[in-house]
Amino acid sequence: MIQAIRRRTNIYGAMAGIVPKTFLAYSLWVWVSLFLNTITMTILVFFWKAVYADTGTIAGLDLQTTLTYILLAQIFLPLGDLSMIFEFGYSLREGGIAHALLRPVDFQGGFYVQYMTQTLTSLFLQIPMALVAWLVFGLRFPTDLQLWAVFILSAILGRTILFFFDWMLACLTFYTTEVWGLGVLVYGASLFFSGSLVPLAMLPGWLQTFALATPFAQALYVPLSLLTGITPLSQAPMVLLIQVILLITLGVLSRLFFRVAVRKVTVQGG
Amino acid sequence: MAIIETENLTKVYRTTRKDPGLRGSVKALFRPQIVDKLAVDRISFHVEPGEMVGYIGVNGAGKSTTIKMLTGILVPTSGQVRILGRDPHRQRVDNARQIGVVFGQRTQLWWDLALIESLNLIARIYEVDPARYKQLLDQFSETLELGELLRMPIRNMSLGQKMRAELAAALIHEPLVVYLDEPTIGLDLIVKERIREFIRQQNRDKGTTVILTTHDLGDIEELCQRVIIIDNGRLIYDGPITTIKARFGKYREITFETCQPVYQAIALPEGAHIVTNGYSPEDRKLVLRFDRTLTTASRVAHDVMDQVEVNDFSLTEPDLSSIVKQIYNGALLEETTS
Amino acid sequence: MARYLDLYGLFLVQRFKILMEYRVNFLIGASSTIILQVSSLLTIWVVMSQIPSLNGWSYYEVLLIYGLITLAKSINHMFADNLWTIGRQYIRTGSFDRFLVRPINPLFHLLADRFCHDGIGNFLVGSVLVITATRQLNIPWSLNNVLYLVLMVLSGGLIFIALNLITGTTAFWIMDAVPIMRVVFDFHLFAQYPLSIYPRAVGILLTWLIPYGLASFYPASYLTDRSLGWVAWGAPFVAIILLILAYQVWKFGLKYYAGTGS
């Protein structure tokens with residue numbers, strides 16, 4: 001039993017280990033994207049400063065809270081990243097799915113570990129961004145450990161919700177070859193609804209309700225709004241409960257989706 | 001006047017070596033390690049109009065570098081190249097009108113376009129007279145059997161179909177010089193023959209000069225009277241195929257199948273030596289090579305059969321490919337130095 | 001010149017034949033850029049509906065700026081998108097050589113080789129924004145204004161192309177120039193908003209060094225009667241100078257390629 005667990009951990013460990021290595025192979029890109037993100041940050045900061053020039057609060061948020069939120073959103077952007085669709089679409093074309101299905105681990109489990117490791121690696125690579133935000137734009141990180149604890153919990157839940165959602169979308173690639181178009185569509189939606197550009201609290205009522213229900217918001221905005229105090233800590237249990245419900249629902253759905261999709265591949269030979 | 005002239009044509013690639021990783025990149029930025037590689041070394045030859053010349057050498061011998069300099073893509077490090085009296089790089093556009101190029105594996109055509117559309121576009125790029133274009137299209141369709149291919153996008157074509165399409169595209173502006181890089185690689189015999197016939201016909205009817213680089217010595221034997229061999233960037237042979245055949249053709253090979261493996265030494269007449277010996281009960285082949293000017297086949301066979309029991313034997317005349325193999329192995333250098 | 005225009009027309013017709021063959025791809029590609037713009041536009045809408053003005057610029061004035069830079073970008077996107085792929089698609093595969101054995105200008109051949117339909121989406125977004133904004137702002141569509149707009153958008157497009165040509169030429173040395181191209185290209189994001197919201201240094205940078213601002217902020221200022229003097233007319237001149245410079249850089253790159261032929 002213990003041996004089986006150890007063996008499994010080793011396999012997952014090895015799979016996880018691949019991710020940072022492939023990532024760092026593109027070192028030039030790492031630096032360039034740091035630079036590009038700094039540009040985006042600069043624009044956002046000055047944009048919001050100009051927005052607040054004539055007004056004290058918007059939707060109850062003052063400039064300081066909004067700036068803190070926006071900068072943190074840029075730093076934690078990888079929480080809202082989607083990658084599964086492209087990876088699936090790609091391996092489907094290269095015939096890699098069949099390979100992956102043959103590995104002696106749960107297929108979704110393997111992907112989940114890679115997904116989370118990739119997220120961690122990406123977050124790790126955001127450290128220079130955090131430094132820029134801190135040194136150049138005067139970001140003040142929240143110091144309340146309780147906030148951070150809730151944030152981390154919510155972020156893990158949110159990221160997992162997004163994983164299941166991403167997984168379901170990826171299953172669509174078994175049916176269509178227009179992976180790229182689908183990817184762009186979802187990416188466009190995620191940009192806005194994740195709350196990476198604007199705190200979702202500023203959205204008009206109906207749009208806000210819709211936005212908060214998206215997995216994008218669950219992955220980025222919801223945890224960050226807890227961290228920055230946009231959502232008061234007293235509401236945290238409720239928020240987390242909703243996340244757990246979403247997680248279970250999407251988790252079950254994603255397994256179902258996959259089973260149907262795989263049948264299609266195995267019947268038609270991919 | 002020669003249509004292609006090269007004079008001490010030389011190309012040195014200057015590359016910087018880079019250690020892997022970011023540190024390597026940074027180091028390479030400040031203190032690059034420069035490595036010079038001599039790709040083509042003082043090559044001189046002339047080609048007359050209407051000649052078909054085979055340009056051969058192993059991979060990395062400098063074939064494609066030479067072709068790139070002849071077509072004006074690359075500038076020589078030193079030496080001269082003149083095509084129709086022009087510098088193909090400096091007068092790139094004028095030169096381009098007179099040449100046609102087929103780069104073996106890479107397509108010149110638009111991947112998603114039907115062949116006829118690609119050809120129309122190319123005809124316009126080269127400003128082919130519309131009436132003449134129509135005429136040529138009919139001609140090519142017949143000899144290359146383009147027929148239904150004309151309506152087919154390149155991406156759907158088989159290798160052989162693609163090559164026929166490439167040839168049509170490279171010759172539709174009736175160039176005076178054509179460079180063909182591996183035009184028959186990977187093709188079956190029938191397609192090969194059709195392509196060779198097409199090239200032969202273009203040469204015969206229009207006096208097109210053809211430079212052919214290939215690994216397929218069959219192409220060369222079928223098409224060229226003259227062959228240029230390069231090795232390590234240097235020209236090691238330039239002359240008629242017949243000469244080189246005669247020169248190396250003085251060697252003959254005899255293959256014996258012996259009853260028992262031959263482990264003992266065999267006394268041979270002067271000018272003969274063993275090339276391969278199986279040394280096992282499964283492989284009882286014994287291959288001998290002898291110099292026809294020093295001894296005879298019957299002499300060699302007689303001597304061998306005197307010493308070992310022979311099941312069967314055969315005599316082979318070397319073809320160009322085995323000759324070339326010998327040359328690459330240094331036979332030509334040995335001969336010229338001795 | 002006439003010959004090149006003629007040829008470009010032919011290339012374009014052929015390109016559309018291909019695109020029509022992949023109709024779904026065409027539609028997705030063309031609309032993808034629209035989708036990507038929607039998130040930024042939604043943000044502007046959400047924010048601007050809660051404040052009277054952004055640094056003295058009204059909602060529609062901001063949209064005008066945004067629309068102008070999007071139009072200029074779309075010109076680059078439609079007609080010069082191939083510059084992004086010199087390294088990966090042409091040099092690495094060796095197919096760049098085919099441009100060099102044909103009797104036409106290789107740069108022309110490269111650009112004509114692929115009209116990028118994705119840019120159409122940007123063009124539509126930009127057009128809708130500029131048309132809506134000018135209407136809402138009561139900017140008359142006089143001949144003068146229309147000509148001015150066309151001139152500025154074209155100049156803006158040329159500025160984009162020239163800068164991409166300069167950075168894209170590095171592909172001859174480093175094969176994949178996309179990271180370097182992105183670094184310069186992304187500065188256009190600044191020009192989506194009034195330059196006056198940024199520190200002076202950013203304004204100067206976007207006006208003189210990476211002059212995307214000349215294609216959006218200054219023309220919008222001119223059209224909304226904020227007098228800025230001759231800078232409002234700077235775009236065409238700067239575009240021409242940049243193009244000449246870029247072409248010299250390109251020729252230098254070609255020369256290097258002829259030396260190495262990597």
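In this text the structure is predicted, and so the values were computed from the model without any measurement. Labels below follow one simple rule: chain letters A, B, ... track the order of the sequence lines, proteins then strands, and each chain is numbered from 1. Values reported hereafter were calculated over all heavy atoms of this structure, with side chains retained and with hydrogens, waters and symmetry mates removed.
Atom NZ of B:Lys134 has 12 or fewer neighbouring heavy atoms from other residues, nucleotides or ligands inside a 6.0 Å radius. At most 12 heavy atoms of other shown residues, nucleotides or ligands fall within 6.0 angstrom of atom CZ in B:Arg42. Other residues, nucleotides and ligands contribute more than 12 heavy atoms inside 6.0 Å of the CG atom of B:Asn8. Atom CZ of C:Phe252 has 12 or fewer heavy atoms from other residues, nucleotides or ligands within 6.0 Å. Atom CZ of C:Phe237 is surrounded by 12 or fewer heavy atoms from other residues, nucleotides or ligands within 6.0 Å. Summarising the local packing, CZ of C:Phe115 is surrounded by more than 12 heavy atoms from other residues, nucleotides or ligands at distances under 6.0 Å. Residue-environment remark: CZ (B:Arg132) exceeds the threshold of 12 foreign heavy atoms within 6.0 Å.
With hydrogens and angles disregarded, no donor-acceptor distance shorter than 3.5 Å links the side chain of B:Arg97 to the backbone of C:Arg102.
Taking 4.5 Å as the limit, every side-chain heavy atom of C:Ile104 sits out of range of all side-chain heavy atoms of B:Tyr126. At a threshold of 4.5 Å between non-hydrogen side-chain atoms, the residues C:Val101 and B:Arg92 do not count as touching.
Neither the backbone nor the side chain of B:Thr77 comes within contact range of chain C, judged by heavy atoms closer than 4.5 Å. When heavy atoms are compared at a cutoff of 4.5 Å, C:Arg15 does not approach chain B at all. For B:Val101, the part sitting under 4.5 Å from any heavy atom of chain C is the side chain, from C-beta outward, and nothing else. Using a 4.5 Å cut-off between heavy atoms, B:Gln98 does not touch chain C at all. Interface remark: C:Phe99 contributes backbone atoms only to the contact with chain B (heavy atom separation under 4.5 Å). Heavy atoms of C:Leu10 lying under 4.5 Å from chain B belong to its backbone as well as its side chain.
Rounding to the nearest 0.5 Å places CG of C:Asp97 at 4.0 Å from CD1 of B:Ile73. Distance check: B:Gln108 CD to C:Arg98 CZ gives 7.5 Å after rounding to the nearest 0.5 Å. A distance of 9.0 Å separates CD in B:Glu117 from CD1 in C:Ile18, rounded to the nearest 0.5 Å. Here NZ of B:Lys68 is found 10.0 Å from CG of C:Leu100. Values are rounded to the nearest 0.5 Å.
Using a 4.0 Å cut-off between charged side-chain N and carboxylate O, B:Asp112 and C:Lys17 make no salt bridge.
For C:Arg114 and B:Trp111, the positive end is not near the middle of the six-membered ring at less than 6.0 Å and at most 45° from its axis.
Between C:Phe11 and B:Trp110, the ring planes are perpendicular. Angles over 60° get that label, and only those under 30° would be called parallel.
Of the residues listed (B:Ile99, B:Ile125, B:Asp94), the one engaging C:Pro103 in a side chain to side chain contact (heavy atoms under 4.5 Å, CB included) is B:Ile125, and it is the only one.
Of the listed residues (B:His89, B:Met69, B:Lys11, B:Arg155), the greatest number of heavy-atom pairs within a distance under 4.5 Å of chain C belongs to B:Arg155. Ranked by heavy-atom pairs under 4.5 Å with chain C, the list B:Asn95, B:Val93, B:Leu113, B:Val12 is led by B:Leu113.
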